[in-house]
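As the structure is a computational prediction, the values presented were derived from the model and not from experiment.
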Amino acid sequence: MNRKRMIRILVYIVLIPIFIYAAGIPNGMAYSPEAALRKSEAGLHYGPSDIKYTFTYGNKEYFLNTYKDWYAIEGFERAFGIYWRTATGLNTGERNLALPVNASWTYSSDDKLLIFGVINDENVSYLEIISDKERYRVTEFKNTMFYAFLKKSEALEEIQAYDHNGNLLVRLGRAGNEIVN
């Protein structure tokens with residue numbers, strides 16, 4: 001092999017990975033979903049948050065987290081095969097400890113209605129999410145937080161929280177919140 005060809009191969013071996021690295025890192029991309037979350041939070045002057053739960057839905061990795069008086073969810077997706085970048089943006093809600101449950105909703109990148117929130121009262125046993133078409137029961141909470149996806153065609157009416165005896169504690173709705181007990 002001649003010297004010119006050796007230099008060209010060396011340049012490809014060294015410079016191409018450097019360019020790939022440099023192209024992603026300044027643009028909000030990271031090598032792991034958690035690193036991308038931290039980068040996103042820093043760019044928004046939010047956090048670092050306390051990650052309560054992570055889950056995968058479709059090709060996205062989601063983080064349910066809290067920071068000071070806020071609760072949030074953010075989804076990340078792969079980019080260029082080696083990086084992670086934000087897919088949904090940071091969606092937050094302010095935590096109101098006077099309510100047994102706080103909830104917020106947004107649309108996921110595949111146009112499903114994503115409902116998420118935080119449980120403030122240990123007496124909450126389950127939630128009912130009521131859409132214009134169906135009722136969904138959420139019985140599993142992830143480190144005091146919850147999430148649910150509704151179909152694209154459904155409209156959220158309200159969220160109801162119940163205690164262990166089946167007593168209604170609170171209604172969260174578009175028109176406002178009503179504490180029942």
Side-chain angles (χ1 to χ4, degrees), residues 30-42 44 46-78 84-131 133-152 154-174 177 179-181:
Y31 288 115
S32 72
E34 186 172 348
L37 171 69
R38 298 304 179 208
K39 208 170 212 187
S40 172
E41 288 176 342
L44 297 169
Y46 177 92
S49 62
D50 180 20
I51 298 170
K52 298 293 187 181
Y53 186 71
T54 62
F55 65 95
T56 303
Y57 183 79
N59 63 345
K60 294 170 187 59
E61 188 80 19
Y62 287 88
F63 290 89
L64 289 166
N65 55 63
T66 58
Y67 173 67
K68 294 185 179 179
D69 295 333
W70 298 87
Y71 59 96
I73 192 166
E74 188 167 8
F76 296 88
E77 64 187 357
R78 283 240 181 238
W84 288 87
R85 67 176 175 204
T86 186
T88 62
L90 184 68
N91 298 287
T92 64
E94 190 169 9
R95 196 168 187 174
N96 179 355
L97 296 175
L99 294 172
V101 175
N102 297 131
S104 192
W105 45 86
T106 185
Y107 283 94
S108 67
S109 56
D110 58 354
D111 288 333
K112 291 197 184 251
L113 185 61
L114 171 56
I115 300 163
F116 65 99
V118 63
I119 307 296
N120 298 319
D121 184 344
E122 64 188 30
N123 293 320
V124 174
S125 176
Y126 65 93
L127 303 174
E128 281 195 351
I129 298 173
I130 303 166
S131 77
K133 298 182 180 171
E134 275 189 65
R135 291 176 92 96
Y136 301 92
R137 184 174 280 205
V138 178
T139 57
E140 191 176 333
F141 305 124
K142 314 292 186 188
N143 226 355
T144 72
M145 296 194 75
F146 67 91
Y147 69 93
F149 287 92
L150 269 61
K151 296 173 191 158
K152 180 179 178 179
E154 292 182 83
L156 179 65
E157 297 291 327
E158 69 179 16
I159 298 170
Q160 299 174 348
Y162 293 87
D163 67 10
H164 301 285
N165 298 321
N167 298 317
L168 180 63
L169 299 175
V170 67
R171 283 189 180 104
L172 306 174
R174 291 186 183 270
N177 304 324
I179 298 176
V180 178
N181 288 334

May I ask you to test the [X]-[Y] pair for a side-chain heavy-atom distance under 4.5 Å?
X    : Y    : result
T106 : T88  : no
E134 : K151 : yes
K68  : S49  : no
T86  : E74  : yes

>> Any side-chain to backbone donor/acceptor pair from N91 onto G89? Under 3.5 Å, distance only.
In response: yes

>> Quick check against the 3.5 Å criterion: does R85 have a side-chain atom that pairs as donor or acceptor with the backbone of P33?
In response: no

Within this structure, what is the [atom1]-[atom2] distance for the pair [X] and [Y], rounded to the nearest 0.5 Å?
X    : Y    : atom1 : atom2 : value
F116 : N65  : CZ    : CG    : 9.5 Å
Y62  : F76  : OH    : CZ    : 11.0 Å
R171 : E158 : CZ    : CD    : 5.5 Å
N102 : I159 : CG    : CD1   : 10.0 Å

>> Please evaluate residues T144 and T66 with respect to the criterion side-chain contact (heavy atoms from CB on, under 4.5 Å), reporting the C-alpha separation (whole Å), side-chain torsions for both, the decisive distance (0.1 Å), and the verdict.
In response: CA-CA 10 Å; T144 72; T66 58; 5.8 Å; no

How close do [X] and [Y] get, heavy atom to heavy atom, and via which atoms?
X    : Y    : value
A103 : F146 : CB-CZ, 3.9 Å
A72  : M145 : O-CE, 4.0 Å
A36  : A30  : N-CB, 3.4 Å

Looking just at side-chain N and O atoms, do [X] and [Y] make a donor-acceptor pair shorter than 3.5 Å?
X    : Y    : value
D163 : N165 : no
Y136 : E154 : yes
N120 : R95  : yes

Option among [options] that satisfies the side-chain contact (heavy atoms from CB on, under 4.5 Å) test with [X]:
X    : options                : result
T92  : Y46, Y67, Y71          : Y46
Q160 : L172, L169, I130, L127 : I130
L64  : I73, V118, I51, T54    : I73

> Parallel, tilted or perpendicular: which fits the ring planes of F149 and F55, with parallel below 30° and perpendicular above 60°?
Replying inline: perpendicular

>> Evaluate K112 against Y57 for side-chain contact (heavy atoms from CB on, under 4.5 Å), listing each step before the verdict.
In response: CA-CA 11 Å; K112 291 197 184 251; Y57 183 79; 3.0 Å; yes

> Step by step, would you call W84 with E34 a side-chain contact (heavy atoms from CB on, under 4.5 Å)?
Replying inline: CA-CA 9 Å; W84 288 87; E34 186 172 348; over 6 Å; no

> What's the verdict on side-chain contact (heavy atoms from CB on, under 4.5 Å) for V124 and F141, showing C-alpha distance, side-chain angles and the deciding distance?
Replying inline: CA-CA 10 Å; V124 174; F141 305 124; 4.0 Å; yes

